[in-house]
Enquirer: 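Take a look at this one; I'll ask things after.
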Protein chains: 2
Amino acid sequence: MLVNAGQTRGRRPTTDHAAIERAAFRLFAERGFEETTVDAIAEAAGIARRTLFRYYPSKNDIPWGRFEAGLAHLREFLRAMPHDIPVWRAVHRAVLDFNRLDEAAVPQHRERMRLLLTTPALQAHSALKYAAWRRVIAEYVAVRRGLSPDDLLPRTVGHVSLGMALSAYEQWLDSEDLSLSELLDSALSGLRLYLCEDHDGRHPAAGGG
Amino acid sequence: MLVNAGQTRGRRPTTDHAAIERAAFRLFAERGFEETTVDAIAEAAGIARRTLFRYYPSKNDIPWGRFEAGLAHLREFLRAMPHDIPVWRAVHRAVLDFNRLDEAAVPQHRERMRLLLTTPALQAHSALKYAAWRRVIAEYVAVRRGLSPDDLLPRTVGHVSLGMALSAYEQWLDSEDLSLSELLDSALSGLRLYLCEDHDGRHPAAGGG
DNA sequence: CGAATTGCGGCATCGAGTGCAATAAGGATT
DNA sequence: AATCCTTATTGCACTCGATGCCGCAATTCG
């Protein structure tokens, strides 16, 4: 959609994703997501309903913003990762990078994630977005291990990495005073300890975090 | 809905969940999920469209069958688990039990899961079901660790356990010749090895599976 | 029989999403 | 400037899932 950014031919667009998103988020904040109709968003953005659907395939996609671009960046980050560190560590660094935030962007991102993680319709829709994210992780693990992205381990790592990220996000929304990076680190180290507990309930030292 | 099973007052039901499910699955197999309208299912089941929605809150809920009952069983299984085994092991046993299958039920369950895991609308809707499943796991971990189900570790374990189960299921649908239990075991042991790889890429022995 | 209870189903309505075709708004060409 | 080409916007009709409302059907109980 932005490939034709320098385009000079034909009628010029009267709006863009950012403008629609602004209008939408304002309404979502006022009335809630489910209570906001597509017609209302279109009217607030000053465009026709039909036009809105040309910018976003569905109402559920509006809060997701430019997720695809983030995926491309994640893929690139992983490709550039040195091969002499353990796969789990490379994946974790990539997850941290993917969820890095400018201080200024925090409130907006918080509101976006609150919407995505607490609205049932969006919780459901997000599963489709998450699948693409997991796939990026699985492809990296597959390369590092000489497997197919459809094999068990790559898929498992995709699911598990996503799971840690989501629990960190849920905690981040609940808490207020913890940073996302800290929570992602805690989720990983917590899981490592959890999975290493031996039969007698003792926790062996698990180095690195 | 089945609480009033022994009821004798009033008009008797003309159908039940099983009959609707049979009609629906037949149509899903013939034409696919998205291509099957609710009207078609109602007609095939010999009831009115409006009646169907009294049995199932949505079309997406039909393939899920009696999931709530399974959750109650999972909760009970975990409660009965001895406290002298590591939490991760107790959770893993519960996951195995939750996904245990009679040999005879395999083809039907396969078809159900194929539908749930490959149909976009159902992949999305399933996220809402999964949340309840994760909650059961999180509550168990919370009890064992003296935490709240809303704390980071219980939530993480919920997400991660679900992730392992889903990757095992995806593999199960792809493969054909591997049992679900084997795949669940492999997912767990694979993850333990993955997370224990040290900085030099060596795999220390990780006992137990 | 009549009253109370419970399930069924028709009807109207809403909201998301889609296909199609008309129209508006620019630049390029002659 | 008139015309053509290209691209974006928009209106319209339609499908489908979902819901509220209300009357009807069937059954038991007094």
Side-chain angles (χ1 to χ4, degrees), chain A residues 1-21 23-24 27-28 31-64 115 119-128, chain B residues 1-21 23-24 27-28 31-64 115 119-128:
Chain A
M1 300 225 182
L2 280 185
V3 178
N4 300 341
Q7 193 114 10
T8 178
R9 290 273 276 272
R11 179 175 180 170
R12 270 165 297 192
T14 60
T15 186
D16 56 24
H17 290 85
I20 297 174
E21 223 171 288
L27 292 177
F28 295 158
R31 325 177 192 172
F33 181 83
E34 315 264 17
E35 292 73 22
T36 303
T37 67
V38 171
D39 295 81
I41 301 171
E43 189 182 348
I47 57 176
R49 164 202 177 73
R50 196 66 185 79
T51 303
L52 193 154
F53 278 113
R54 293 182 60 260
Y55 279 82
Y56 292 94
S58 81
K59 177 185 171 185
N60 289 335
D61 282 295
I62 298 178
W64 273 95
L115 208 59
T119 307
L122 293 176
Q123 288 173 2
H125 182 72
S126 298
L128 305 176
Chain B
M1 299 226 184
L2 281 184
V3 178
N4 301 341
Q7 193 111 12
T8 178
R9 287 276 273 272
R11 180 174 180 170
R12 270 163 298 194
T14 59
T15 186
D16 56 26
H17 290 84
I20 296 174
E21 221 170 291
L27 292 177
F28 295 158
R31 325 176 193 174
F33 181 82
E34 314 265 18
E35 293 72 23
T36 303
T37 67
V38 170
D39 296 80
I41 301 171
E43 189 183 347
I47 58 176
R49 163 200 180 74
R50 194 67 187 78
T51 302
L52 193 153
F53 278 111
R54 197 172 292 107
Y55 281 81
Y56 292 93
S58 80
K59 177 185 171 186
N60 288 335
D61 282 295
I62 299 178
W64 272 95
L115 209 58
T119 307
L122 294 176
Q123 289 173 1
H125 182 73
S126 298
L128 305 176

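Chain A is the first sequence line, chain B the second, and so forth, proteins listed ahead of strands; every chain is numbered from 1. Excluded from the calculations below are hydrogen atoms, water molecules and symmetry mates; all remaining heavy atoms, backbone and side chain alike, are included. Bear in mind the structure is a predicted one, so any value in this text is a computation, not a measurement.
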Enquirer: Quickly work out the A/Asp39 CG to D/dC12 C1' distance and round it to whole Å.
Expert: 14 Å
Enquirer: Quick one: label A/Thr51 by what it contacts on the DNA or RNA (base, sugar-phosphate, nothing), any heavy atom closer than 4.0 Å.
Expert: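 It contacts base atoms.
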Enquirer: Ignoring the backbone of B/Lys59, work out which of C/dA25, D/dA18, C/dG17 is nearest its side chain.
Expert: D/dA18
Enquirer: Would you mind telling me which of D/dT10, C/dC8, D/dT19 lies closest to the side-chain atoms of A/Arg54?
Expert: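 Minimum distance to the A/Arg54 side chain belongs to D/dT10.
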Enquirer: So, OP1 or OP2 of D/dT27: does either fall under 4.0 Å of a side-chain N or O from B/Arg12?
Expert: yes
Enquirer: Aromatic rings A/Tyr55 and A/His17: how do their planes relate, parallel, tilted or perpendicular, breaks at 30° and 60°?
Expert: perpendicular
Enquirer: Whole angstrom is fine here: how far is it from NE2 in B/His125 over to C1' in D/dA18?
Expert: 13 Å
Enquirer: Which heavy atom in B/Glu34 sits nearest to a heavy atom in B/Pro120, and how many Å separate them?
Expert: OE2-CD, 4.0 Å
Enquirer: If you find the nucleotide of DNA chain D closest to B/Arg50 and the one closest to A/Thr14, which residue's nucleotide is nearer the 5' end?
Expert: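 Between the two, 5'-proximity favours A/Thr14.
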Enquirer: Rounded to whole angstroms, how far apart are OH on B/Tyr56 and P on D/dT19?
Expert: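 Rounded to the whole Å, the gap is 16 Å.
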Enquirer: Are OP1 or OP2 of D/dT9 and a side-chain N or O of A/Tyr55 less than 4.0 angstrom apart?
Expert: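 Yes, such a contact exists.
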Enquirer: Is it possible for you to check whether A/Lys59 lies under 6.0 Å from the centre of the six-membered ring of A/Phe33, through NZ or CZ, and within 45° of that ring's axis?
Expert: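 Satisfied, under 6.0 Å and within 45°.
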Enquirer: Measure the distance from CD on A/Glu34 to C1' on C/dC14 and round it to the nearest whole Å.
Expert: 14 Å
Enquirer: According to a strict under-4.0 Å criterion, is A/Ser58 in side-chain N/O contact with OP1 or OP2 of C/dG17?
Expert: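 Yes, A/Ser58 has a side-chain N/O under 4.0 Å of OP1/OP2 on C/dG17.
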Enquirer: Figure out the CZ/C1' separation between B/Arg11 and D/dC24, and round it to whole Å.
Expert: 8 Å
Enquirer: What is the minimum heavy-atom distance between A/Ile20 and A/Thr15, and which atoms define it?
Expert: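 Where A/Ile20 meets A/Thr15 most closely, the heavy atoms are CG1-OG1, 3.8 Å.
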Enquirer: If I take atom CZ in residue B/Phe53 and atom P in nucleotide D/dG17, what distance separates them, rounded to the nearest angstrom?
Expert: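 Taking atom P of D/dG17 as the reference, CZ of B/Phe53 is at 7 Å.
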Enquirer: Given D/dG11, C/dC8, C/dA16, identify the nucleotide with an atom nearest to the side chain of A/Arg49.
Expert: C/dA16
Enquirer: What is the minimum heavy-atom distance between A/Leu122 and A/Ser126, and which atoms define it?
Expert: O-OG, 2.6 Å
Enquirer: For B/Arg9 and C/dT5, give me the distance from atom CZ to atom C1', rounded to whole Å.
Expert: 6 Å
Enquirer: For B/Arg31 and D/dC16, what is the distance between atoms CZ and C1' respectively, to the nearest whole Å?
Expert: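 For the pair B/Arg31 CZ and D/dC16 C1', the rounded distance is 14 Å.
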